[in-house]
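Inspection log for the structure reproduced underneath, given as structure tokens.
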Amino acid sequence: MRVTLHVNGRAYARDVEDRLLLSDFLRHELGLRGTHVGCEHGVCGACTVLVDGAAVRSCLVLAVQVDGAALRTVEGLAATDGALSPLQSAFREHHGLQCGFCTPGILMSATEALDRGELTDRQAINELLSGHLCRCTGYVGIVEAIAAAVGLPPAEEQAL
Amino acid sequence: MKPAPLRYVRPQSVAEACAALHAEPEAKVIAGGQSLMPLLNFRLAVPEVLVDLAGIPGLRGIVVAEDSVEVGAMTTQRALERDADALAACPLLALALPHVGHTTTRNRGTVGGSIAHADAAAELPCVLACLDGSVIVAGQGASRQQAAAGLFVTHLTSALAADEVLTAVRFPVLADSWRFAFHEVTQRHGDYAMTMIACAADVVAGRIVEVRIAAGAIADRPLRLTEAEQAVVAGVELGEVRRIAEASIEPSGSPHAPAAYRRALVGALVVRCLEQVLAA
């Protein structure tokens, strides 16, 4: 089936098999390999992208289902001159990533939640992150990065 | 981890969708796909045709009436979660919806899809069973209303015929004197629940005069704990209600939640819900 859509403001049209996952469409058909594929059954959150502004798992969507939609992927977060978005900068500043595999998905979920003003406290950030698996860092740096991007005060230092 | 070859169709009306399902016995409806897509990726489900309801106008939207909140089948769980009027009219939804998967799955997962999928560990079927709600079903003939009692046949199987389409879900609105509670236990927030309890109670002068208690994830479909309900209304003290609730079920076990543990969870969550509605 023919799929016509916009990704990061650019128009694409491709003829694809009906069964093709959106995650594979982005990576293999469009060459946008910033979207990572972890579990392919909706558990790890690494493949999260924005479809018409809503963060969804691209491994749980067929490409043919989003015909006509406007998508945003991690490649679309930085400015055209390469300047990182405030959220991306906060991840760099607060060591919010180590191997970086889970990072694109987290950035896309957090981008939607930031835009909607839903991250009012650390509990909201924790709940957002419950849908994303990170196996390197633990979540402290990730939470601090998002908290900084929201404008929450830094966490109090814990006595060791 | 990829779906088997399939054909995708996108009907423009409910009648067209029903006709497509009628014509092709190995067809399957896809709504938001947040439960179906993992099954397709694992090839646990291998339909020849996927009938997507997303292109049908009129299946999205929420109507808050005096006696019910009627939710169009293709309304996302997230849209319902953000509808303050619907949540005020049906507070049990406000308590249960945050437990449904994660925000990213609720962004795409639909209310009708969750009900029609009839997962024994899903929250919305448990809520519908607790509230004695119903669904509107379209088929080859006239559409019909199907009560929650009788809708959930077994795990992943509803009473809908293969060529029927669920078009709306009706959550009853109860009087102001009703109080609600919803609790579940999961290994991590958003995971499948090991046990959940939904509770609606009519509390008059500090006493429960009517109560509905539904349990999810302990059998092949949501169960109403009728013996415990009767005991509560009869004024039996909570410790004994707990024992009655635990004795009334025969939960299955899993590596993470053996049957005895699941039984104890049911008792604990029933008491937690009842204490909450009495304190409200």
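It should be emphasised that the depicted structure is a prediction, and the values quoted were computed from it without experimental measurement. In what follows, chains are A, B, ... by sequence order, proteins preceding strands, each numbered from 1.
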Taking the side chain as C-beta and beyond, is there a heavy-atom pair between A:Ser130 and B:His102 under 4.5 Å?
-> yes

Reference residue B:Thr104; test side chain to side chain contact (heavy atoms under 4.5 Å, CB included); the match among A:Thr48, A:Val56, A:Leu60, A:Val49 | A:Thr48

Examine whether an atom of B:Arg188 lies under 4.5 Å from a heavy atom of chain A, and if so say whether it belongs to the side chain, the backbone or both; otherwise answer neither.
-> neither

Count the heavy atoms belonging to other residues, nucleotides or ligands that lie under 6.0 Å from NE2 of A:His95, then report whether that count exceeds 12.
-> no

In terms of heavy-atom contacts, does CZ of A:Arg14 have more than 12 from other residues, nucleotides or ligands at under 6.0 Å?
-> yes

Just do the side chain to side chain contact (heavy atoms under 4.5 Å, CB included) check on A:Leu62 and B:Leu50 with the steps written out, would you?
-> CA-CA 11 Å; A:Leu62 296 171; B:Leu50 270 189; 3.6 Å; yes

Are the side chain of B:Asn41 and the backbone of A:His41 linked by a donor-acceptor contact shorter than 3.5 Å?
-> no

Do the non-hydrogen side-chain atoms of A:Leu21 and B:Met37 ever get within less than 4.5 Å of each other?
-> yes

Which bit of A:Val61 comes within less than 4.5 Å of chain B, counting heavy atoms only: side chain, backbone, both or neither?
-> both

Checking A:Asn126 against chain B: side chain, backbone, both or neither under 4.5 Å from a heavy atom?
-> neither

Residue pair B:Arg10 / A:Asp67, side-chain heavy-atom distance below 4.5 Å = no

NE2 of B:His189 to CG of A:Leu129: how many Å apart, nearest 0.5 Å?
-> 11.5 Å

Contact leader toward chain B among A:Met1, A:Glu127, A:Arg57, where contacts are heavy-atom pairs under 4.5 Å | A:Arg57

Side chain, backbone, both or neither: which part of B:Leu39 has a non-hydrogen atom closer than 4.5 Å to chain A?
-> neither

For chain A, the option from B:Gly33, B:Ala4, B:Ala54 that forms the most heavy-atom pairs under 4.5 Å = B:Ala4

Please examine the side chains of B:Ile30 and A:Gln65, heavy atoms only from C-beta on, and report whether any two atoms are closer than 4.5 Å.
-> yes

To the nearest 0.5 Å, what is the distance between CG (B:Asn107) and CG (A:Leu50)?
-> 9.0 Å

For the residue pair B:Lys2 and A:Glu17, establish whether any side-chain heavy-atom pair is separated by less than 4.5 Å.
-> no

Please state whether the side chain, the backbone, both or neither of B:Leu36 comes within less than 4.5 Å of a heavy atom of chain A.
-> neither

Heavy atoms of other groups near B:Arg43 CZ, more than 12 under 6.0 Å = yes

Under a 4.5 Å heavy-atom cutoff, which of A:Arg116, A:Met108, A:His132 has the most pairs with chain B?
-> A:Arg116

Note: A:Glu118-B:Arg78 ion pair, threshold 4.0 Å (strictly below) | yes

Within 6.0 Å of OH in B:Tyr192, more than 12 heavy atoms from elsewhere = no

